[in-house]
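Quick note: residue numbers are just sequence positions, from 1.
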Amino acid sequence: MARMIFVNLPVKDLEVSKKFFTELGFGINPDFTDENAACVVFSDTIYAMLLTEPFFKRFTSKQIADTGSTTEALLCLSADSRAEVDQLCDKALASGGAPAGDTMEEGPMYSRSFQDPDGHHWEVMYMDMEAMGAAGGR
């Protein structure tokens with residue numbers, strides 16, 4: 001069985017967050033979605049659990065990061081092409097996201113980033129594996 005990842009993120013408004021990610025083209029798994037949480041499906045092995053802040057607090061004794069002034073994580077999704085990186089980031093910005101940094105182009109890697117409506121930092125990255133091999137793995 002392939003290893004799966006479930007990234008748990010606190011959100012202020014669950015409906016706004018669900019709308020944002022569905023506008024980006026990702027599905028919501030209804031089996032793991034209720035008034036406290038929503039399961040965003042990125043692939044067969046990658047999911048984000050969007051948890052209302054009160055529900056999220058049940059799982060930790062620490063304070064929830066203030067994403068307006070701190071970064072709790074950099075979340076990165078792969079893309080199949082530079083065009084897909086641009087398409088996904090442009091959709092994010094048009095759907096209520098905010099810019100999170102400059103476009104990065106370093107050798108065979110190309111990435112852009114955005115913040116979701118709760119300020120979580122998302123990177124979208126394409127790596128040209130053919131060029132990566134020609135560059136000796138750098």
Original post:
Any donor and acceptor pair, going by atom type alone, linking the side chain of Thr33 with main-chain N or O of Cys39 inside 3.5 Å?
Top reply: yes
Subject >> Ser113 versus Gly101, closest heavy-atom pair with distance >> reply: OG-N, 3.3 Å
**OP:** Could I get the full list of side chain to side chain donor-acceptor pair (under 3.5 Å) partners for Tyr47, not counting sequence neighbours?
**Re:** none
Original post:
In Å and rounded to the nearest 0.5 Å, what is the CE to CE distance from Met125 to Met109?
Top reply: 7.0 Å
Original post:
What are the two closest heavy atoms between Cys89 and Arg112, and how far apart are they?
Top reply: SG-CB, 3.5 Å
Subject >> Residues that Glu23 engages under salt bridge (charged side-chain N to carboxylate O under 4.0 Å, His left out), provided they are two or more places apart >> reply: Lys19
Subject >> salt bridge (charged side-chain N to carboxylate O under 4.0 Å, His left out) contacts touching residues 62-85 (sequence neighbours left out) >> reply: Arg82-Glu105
Subject >> Residues Asp118 and Ser17: side-chain donor-acceptor under 3.5 angstrom >> reply: yes
Original post:
Is the CG atom of Asp102 crowded by more than 12 outside heavy atoms at less than 6.0 Å?
Top reply: no
Original post:
Which ILVMFWY residues are connected to Leu9, directly or by a chain of links, through side-chain heavy atoms under 4.5 Å apart?
Top reply: Ile5, Val7, Val11, Leu14, Phe20, Phe21, Leu24, Phe26, Ile28, Val40, Phe42, Ile46, Leu50, Leu75, Leu77, Val85, Leu88, Leu93, Tyr110, Phe114, Trp122, Val124, Tyr126
Subject >> Phe32 reachable from Phe55 in the ILVMFWY side-chain graph, under 4.5 Å edges >> reply: yes
Original post:
Looking at side-chain heavy atoms only, is the closest gap between Ile64 and Phe56 below 4.5 Å?
Top reply: yes
Subject >> Partners passing side chain to side chain donor-acceptor pair (under 3.5 Å) against Asp34 (at least two apart in sequence or in another chain) >> reply: none
Subject >> Which residues share a salt bridge (charged side-chain N to carboxylate O under 4.0 Å, His left out) with Lys12, sequence neighbours left out >> reply: Glu53
**OP:** Check for a donor-acceptor pair, side chain of Ser111 on one end and backbone N or O of Glu123 on the other, with a separation under 3.5 Å.
**Re:** no
Subject >> Heavy-atom donor-acceptor pair, Gln115 side chain to His121 backbone, under 3.5 Å >> reply: no
